**Q** 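Below are the structure tokens for one structure; questions will follow.
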Amino acid sequence: MPELPEVETVRAGLARQVLGRTVESVELRRDSAVRRHDGGPADFEARLTGRTLTAAVRRGKYTWLLLDDDPDRGVLLTHLGMSGQMLVQPPEPPPTPHTRARLALTGPGGDVLLDFVDQRTFGSLAVVPVAPTPDGAPGGQGSALPVVPVPVAHIARDLLDPHLDRAALEAAVRRRRTGIKRALLDQTLVSGVGNIYADEALWRARVHWASPTATLRRSRLVAVLDSAEEVMREALSAGGTSFDALYVNVNGQSGYFDRALAVYGQAGRPCRRCGAVVVREPFMNRSSYRCPQCQRAPRAARLVPPGGRVL
DNA sequence: AAGGCCACCTGCTTGC
DNA sequence: TGCAAGCAGGTGGCCT
């Protein structure tokens with residue numbers, strides 16, 4: 001669920017509410033929450049305790065917190081997975097069954113808890129080293145430092161990143177031999193887009209998910225990328241999308257963008273543009289939603305099927 | 001070696 | 001009623 005707009009909402013909340021505070025203690029309630037941390041749970045706690053959170057940075061769906069303004073001693077990398085939440089709250093409430101880690105923070109404005117809550121456990125926390133960005137530009141939104149966490153080095157810049165090279169992205173998509181939706185979801189090509197915003201972008205651009213990247217008309221490709229950027233900006237303005245309260249901001253509140261979704265989760269409902277009935281189709285062991293009228297395939301032989309092989 | 005598959009994980013919903 | 005299957009899906013690692 002958390003895609004770029006949801007993760008950015010969380011990043012901005014962290015930037016407002018925890019920066020300048022120091023980690024007084026770390027309570028790990030489930031070791032697998034730090035499975036991507038190299039030294040194990042004890043090392044994770046040791047490397048975090050006593051450090052001051054100085055910036056909140058995001059690229060795609062990854063967020064990291066700078067510690068003591070000194071990236072050379074590691075940064076706190078977070079990924080929300082499918083169901084992760086970062087909650088900032090007063091020190092009172094006991095942990096919930098899905099609280100995986102709890103950081104007690106102290107500093108200006110009083111003591112708070114930073115809880116990492118994650119029902120489906122695909123999210124993770126880790127203190128990791130950084131590497132310089134190849135282009136020398138800032139690593140992500142929220143800091144001017146030209147570094148990214150090493151586990152994020154293979155993640156491409158996202159569509160809201162002012163340093164994204166759109167011409168290079170279009171060329172890279174063009175070199176792929178796959179369907180356009182697969183390309184949109186490939187975080188090494190462009191980051192931040194997940195299943196929801198991929199479907200919404202393709203609907204806005206009137207493009208079928210299986211359209212081959214290599215032969216898609218340039219105007220169509222530009223429309224898809226522009227639509228993805230546009231729909232994510234709109235979702236961000238609405239505080240993100242939420243279906244079931246799994247996605248919330250740092251204060252536990254849901255966004256409103258689910259009311260604006262045109263096709264995702266709308267199977268059986270009329271397309272708001274043409275009235276045709278929105279369909280749900282199997283795609284990569286999950287689902288794709290589209291309008292069968294607005295997003296028609298040019299010809300069956302020109303589509304890349306869900307399995308990847310061209311017919 | 002680029003592209004595709006799938007395990008990982010939990011809880012809710014659906015169907016028999 | 002109870003159990004099983006289906007579904008949600010981002011990612012790393014592995015396979016071809």
Side-chain angles (χ1 to χ4, degrees), chain A residues 1-8 10 29-38 58-64 77-86 96-101 116-126 128 148-156 158 171-200 209-214 228 232 240-248 254 258 261 263-268 279-289 303-311:
Chain A
M1 305 285 186
E3 303 180 25
L4 189 153
E6 293 75 39
V7 178
E8 173 58 21
V10 170
R29 303 181 57 80
R30 180 159 173 146
D31 286 352
S32 66
V34 297
R35 65 189 176 282
R36 295 187 66 190
H37 178 88
D38 263 349
R58 181 194 54 75
R59 173 184 291 204
K61 304 170 194 171
Y62 282 90
T63 300
W64 58 98
L77 180 64
T78 75
H79 195 290
L80 299 178
M82 275 184 50
S83 58
Q85 309 174 347
M86 300 292 282
T96 67
H98 298 128
T99 303
R100 309 307 186 190
F116 175 58
V117 178
D118 187 16
Q119 179 191 99
R120 295 177 199 167
T121 74
F122 284 180
S124 68
L125 305 178
V128 299
V148 286
V150 168
V152 180
H154 68 292
I155 301 293
D158 59 63
V173 170
R174 189 66 73 214
R175 283 193 296 271
R176 288 297 177 95
R177 293 295 179 270
T178 188
I180 183 65
K181 183 171 174 181
R182 276 180 180 275
L184 274 181
L185 295 178
D186 184 341
Q187 307 294 302
T188 68
L189 214 43
V190 62
S191 67
V193 181
N195 206 34
I196 298 170
Y197 297 113
D199 281 0
E200 293 299 310
W209 51 262
S211 306
T213 50
M232 289 196 294
T241 298
S242 179
F243 308 100
D244 53 9
L246 270 187
Y247 162 70
V248 293
S254 291
D258 55 327
L261 295 177
V263 286
Y264 186 86
Q266 308 298 311
V279 296
R280 171 186 170 276
E281 296 163 318
F283 174 80
M284 294 168 71
N285 288 326
R286 51 199 66 169
S287 297
S288 247
Y289 298 88
L303 296 179
V304 180
R309 274 166 312 209
V310 179
L311 295 170

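Numbered from 1 within each chain, the chains take letters A, B, ... in sequence-line order. None of these values were measured; they are calculated from a predicted model.
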**Q** Taking for each residue the nucleotide of DNA chain B bearing the nearest heavy atom, is the 5' side occupied by A/His98 or by A/Arg176?
**A**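 Result: A/Arg176.
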**Q** Using atom CG of A/Leu4 as one end and atom P of C/dT11 as the other, report the distance to the nearest whole Å.
**A**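 To the nearest whole Å, that distance equals 11 Å.
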**Q** Could you check which of C/dG10, C/dA8, B/dT10 has an atom nearest any side-chain atom of A/Thr121?
**A**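 In terms of side-chain proximity for A/Thr121, the closest of C/dG10, C/dA8, B/dT10 is B/dT10.
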**Q** Rounded to whole Å, please give me the gap between CE in A/Met284 and C1' in B/dG3.
**A**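 Going from A/Met284 (CE) to B/dG3 (C1'), I get 10 Å.
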**Q** Could you check whether A/Arg58 and A/Thr63, counting side-chain N and O atoms only, form a donor-acceptor pair closer than 3.5 Å?
**A**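 No.
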**Q** Does a donor on one side chain sit under 3.5 Å from an acceptor on the other, for A/Arg176 and A/Thr178?
**A**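 Absent: no donor and acceptor within the cut-off.
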**Q** Hey, does the side chain of A/Arg182 come within less than 4.0 Å of B/dC5's phosphate (OP1/OP2), counting only N and O?
**A**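 It does, given that an N or O in the side chain of A/Arg182 lies less than 4.0 Å from OP1 or OP2 of B/dC5.
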**Q** Phosphate oxygens OP1/OP2 of C/dC7: is one of them under 4.0 Å from a side-chain N or O of A/Arg286?
**A**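 For C/dC7, OP1/OP2 do not have a side-chain N/O of A/Arg286 under 4.0 Å.
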**Q** Measure CG/A/Asp186 against C1'/B/dA2 and give the value in whole Å, please.
**A**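 So the two atoms are 10 Å apart, to the nearest Å.
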**Q** A/Arg120 has an atom CZ; how far is it from atom C1' of B/dC8, in whole Å?
**A**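 To the nearest whole Å, that distance equals 13 Å.
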**Q** Calculate the interatomic distance between A/Asn285 atom CG and B/dG3 atom C1'; express it in whole Å.
**A**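 Computing the A/Asn285:CG to B/dG3:C1' distance gives 15 Å.
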**Q** Which pair of non-hydrogen atoms, one from A/Ser191 and one from A/Asp158, has the smallest distance, and what is that distance?
**A**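 For A/Ser191 versus A/Asp158, the nearest heavy atoms are O-CB, 3.2 Å.
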**Q** Measure the distance from CZ on A/Arg177 to P on B/dG4 and round it to the nearest whole Å.
**A**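 From A/Arg177 CZ to B/dG4 P: 12 Å.
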**Q** Quick one: is A/Arg175 getting a side-chain N or O under 4.0 Å of the B/dG3 phosphate, OP1 or OP2?
**A**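 False: A/Arg175 side-chain N/O out of range (4.0 Å or more) of B/dG3 OP1/OP2.
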**Q** Under 4.0 Å between any heavy atoms, over every strand shown, what does A/Arg30 touch: base, sugar-phosphate, or nothing? Just pick one.
**A**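 Answer is sugar-phosphate: A/Arg30 comes under 4.0 Å of backbone atoms only.
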**Q** Rounded to the Å, how far apart are A/Gln266 CD and C/dA8 P?
**A**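 Rounded to whole Å, this separation is 14 Å.
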**Q** From the set B/dT10, C/dG10, C/dA8, return the single nucleotide nearest to any side-chain atom of A/Ser287.
**A**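 Of the options given, the side chain of A/Ser287 lies nearest C/dA8.
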**Q** Tell me if a side-chain donor or acceptor on A/Glu3 pairs with a main-chain N or O of A/Asn195 at a distance below 3.5 Å.
**A**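 The answer is yes, because a donor-acceptor pair under 3.5 Å joins these two groups.
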**Q** How is A/Ser32 classified with respect to the nucleic acid when contacts are heavy atoms under 4.0 Å: base, sugar-phosphate, or nothing?
**A**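 The answer is nothing, as A/Ser32 stays clear of every strand by at least 4.0 Å.
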**Q** On the nucleotide B/dG11, are OP1 or OP2 found under 4.0 Å from the side-chain N or O atoms that A/Ser83 carries?
**A**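 No, because none of the side-chain N or O atoms of A/Ser83 sits under 4.0 Å from OP1 or OP2 of B/dG11.
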**Q** Does A/Gln187 use its side chain to pair, donor to acceptor, with the backbone of A/Ala156 at less than 3.5 Å?
**A**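 A pair under 3.5 Å: no.
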**Q** If you define the side chain from C-beta out and look only at heavy atoms, does anything of A/Arg36 sit under 4.5 Å from A/Pro151?
**A**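 Result yes, sub-4.5 Å side-chain heavy-atom pair found.
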**Q** Set out, line by line, the N/O atom pairs under 3.5 Å between protein and nucleotides 12-16 of chain C.
**A**
unit_1: C/dG12; atom_1: OP1; unit_2: A/Arg36; atom_2: NH2; d: 3.2
unit_1: C/dG12; atom_1: OP1; unit_2: A/Tyr62; atom_2: OH; d: 2.6
unit_1: C/dG12; atom_1: OP2; unit_2: A/His154; atom_2: NE2; d: 3.3

**Q** Judged by modelled atom types alone, do A/Lys181 and A/Ser288 share a side-chain donor-acceptor pair under 3.5 Å?
**A**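 Per modelled atom types, A/Lys181 and A/Ser288 side chains form a pair under 3.5 Å.
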**Q** What's the NZ-C1' distance between A/Lys181 and B/dG3, to the nearest Å?
**A**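 The answer, rounded to whole Å, is 17 Å.
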**Q** Do the side-chain N or O atoms of A/Thr178 get closer than 4.0 angstrom to the phosphate oxygens (OP1, OP2) of B/dA2?
**A**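 For A/Thr178, the contact criterion (side-chain N or O under 4.0 Å from OP1 or OP2 of B/dA2) is not met.
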**Q** Is any side-chain heavy atom of A/Phe283 closer than 4.5 Å to a side-chain heavy atom of A/Leu185?
**A**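 Yes, their side chains come closer than 4.5 Å.
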